[in-house]
Amino acid sequence: MKTTHLVYLMVSLLVVACQKTEKLEGTVLIENINVVDVVNASIIPNQNVLLNDNQIIYIGEANGTQNFKVDTNVKAEGNYLIPGLWDMHAHPDDPEVWRMNPNTREKDRLLPLFVVNGVTGIRDMAGDLNLIKRWRKMAESDSLLAPKIFAGGPLLDGPNPMWDGSVGINSPDQVKMVVDSLIDKGVDFLKVYSLLPRETYLALSKYANEIDYPFVGHVPFTVPPSEAALTGMKSQEHLLEILKECADQPSETYLAEIGRMEDRIERSNKINDFRLRTFNETKADSLYNLFKANDIWHCPTLSMWYKNAWYESEYPKDEELVALLPPYLRAYWTPEHNDHLQYRNNQDFVEIKQRLYRLYQQMVHKMNQKGIKLLAGTDMGANPLCHPGVGLHNELQAFVDAGLTPAEALRTATINPALFFEIENEYGTVEADKIADLVILEGNPLENIQKVGQISSVIKDGRVITKNEIAEIKDSILQLNAEK
Ligand SMILES: [Zn+2]
């Protein structure tokens with residue numbers, strides 16, 4: 001009697017269920033999660049998000065009426081879903097660090113650290129293009145957990161380049177050959193560098209514009225940021241040369257006085273101090289208007305400036321993160337080896353760095369108010385304490401400290417990078433038909449940006465990496481680092 005009743009009940013329930021909904025099939029179902037809409041700065045509560053392989057195929061209210069058939073269920077009640085983050089200025093193979101003789105396997109270990117911290121895409125801003133191609137292949141064949149990589153290949157610098165591995169362009173008439181050969185090798189954009197002579201830069205920008213090829217990078221020493229903007233540099237990095245353009249011109253007498261100083265660092269302190277004192281808000285304002293009018297992106301790498309300025313007090317806080325790095329990079333992030341930490345015993349030098357940082361914060365705040373498009377970038381690589389993965393969380397915090405809302409900060413690492421690369425149909429928001437690069441957070445990042453660091457799982461190309469797996473990956477990296 002009892003059994004027949006039960007069978008009858010089950011059959012009728014099934015009939016009701018089938019009448020109500022069609023069955024949705026996929027690989028992964030994220031159940032009852034709060035979806036973060038980064039564009040509108042809002043939360044869409046209690047959603048079911050269905051993935052199939054590497055795609056989001058359905059998002060709908062978790063009201064119990066849907067019927068899913070999936071391989072994996074992710075219970076996510078009370079959690080928050082954001083798009084995978086992008087680090088738009090990273091150097092996992094920084095040429096500046098080649099002098100430490102890292103081997104390829106050590107460099108490989110940096111890549112998973114991006115992903116387990118929710119950074120599923122990076123813009124590689126100088127590194128060995130062959131190594132980057134190898135990483136892409138390894139990621140495709142699942143032998144390396146790595147973010148999606150857009151890469152510029154070698155830096156384009158002047159005849160005596162600043163770093164190993166750069167292409168030194170000797171004269172303007174070499175520009176076409178250099179650019180053509182890099183495009184041939186498969187770079188995604190060109191990165192210009194500080195020592196590029198003015199005439200060569202102008203020839204390069206002219207040619208890149210002719211063939212409609214994006215170029216980004218350091219505004220060269222010989223080109224003001226306004227001119228870089230007018231000549232179409234798509235993104236400017238680190239806020240370089242803005243201070244110089246917006247400060248007063250030092251008088252001949254002052255320059256002569258500085259010129260007589262013997263110590264190079266004393267000289268640079270003196271000129272920076274002069275520029276900081278004479279920084280002109282009105283000039284800056286019209287420069288920002290020009291950036292806006294010319295649709296120029298900015299990647300300020302605030303956290304890099306911060307870690308450089310407050311290295312001594314930051315290092316002890318970051319020790320656990322430093323342990324995750326391969327030995328060559330750990331060594332390079334110490335004053336003994338690091339070019340950026342050479343003058344830390346000069347109190348004026350340290351103080352100037354800290355004053356510069358405060359000005360950079362104001363610049364970013366104003367630029368954001370003007371609607372200039374910002375990109376989150378860490379400069380991860382040679383610069384000390386710019387960590388793979390966590391560095392991006394630091395950058396978002398730095399944006400909020402500078403006056404952006406958490407949603408504005410989040411955009412710099414989600415929708416903005418997608419718009420920058422013109423891949424917004426596939427990346428940048430949590431929406432159906434987009435690639436399933438996602439991060440599940442344990443708290444609401446629109447209320448507190450630090451929640452981007454409280455990760456429950458990361459989803460890369462539809463593959464769920466759970467909190468336990470993340471811990472295992474970090475453990476295995478620590479073990480390898482101990483071996484070498
Ligand atoms: Zn860089």
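First listed ligand is number 1; within each ligand, the first listed atom is number 1. This structure is a prediction, so every number in the text was calculated from the model and none was measured. Values below: all heavy atoms of this structure, side chains included; hydrogens, waters and symmetry mates excluded.
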**Prompt:** Any N/O/S atom, backbone or side chain, of Asp94 lying under 2.8 Å from the Zn ion (ligand 1)?
**Reply:** no
**Message:** Distance check, rounded to the nearest 0.5 Å: Phe420 atom CZ versus Trp86 atom CH2?
**Reply:** 11.0 Å
**Message:** Can you tell me which N/O/S atom of His89 has the shortest distance to the Zn ion (ligand 1)?
**Reply:** NE2
**Prompt:** What N, O or S atom of Asp379 is found closest to the Zn ion (ligand 1)?
**Reply:** OD1
**Request:** Over 60° means perpendicular and under 30° means parallel, so classify the ring planes of Tyr315 and Tyr311, tilted if in between.
**Result:** tilted
**Message:** Could you measure the distance from the OH atom of Tyr360 to the OH atom of Tyr357? Nearest 0.5 Å is fine.
**Reply:** 11.5 Å
**Request:** Nearest 0.5 Å please: distance from the CG atom of Leu81 over to the CG atom of Leu441.
**Result:** 8.0 Å
**Prompt:** Within the stated cut-off of 2.8 Å, is an N/O/S atom of His91 closer than that to the Zn ion (ligand 1)?
**Reply:** yes
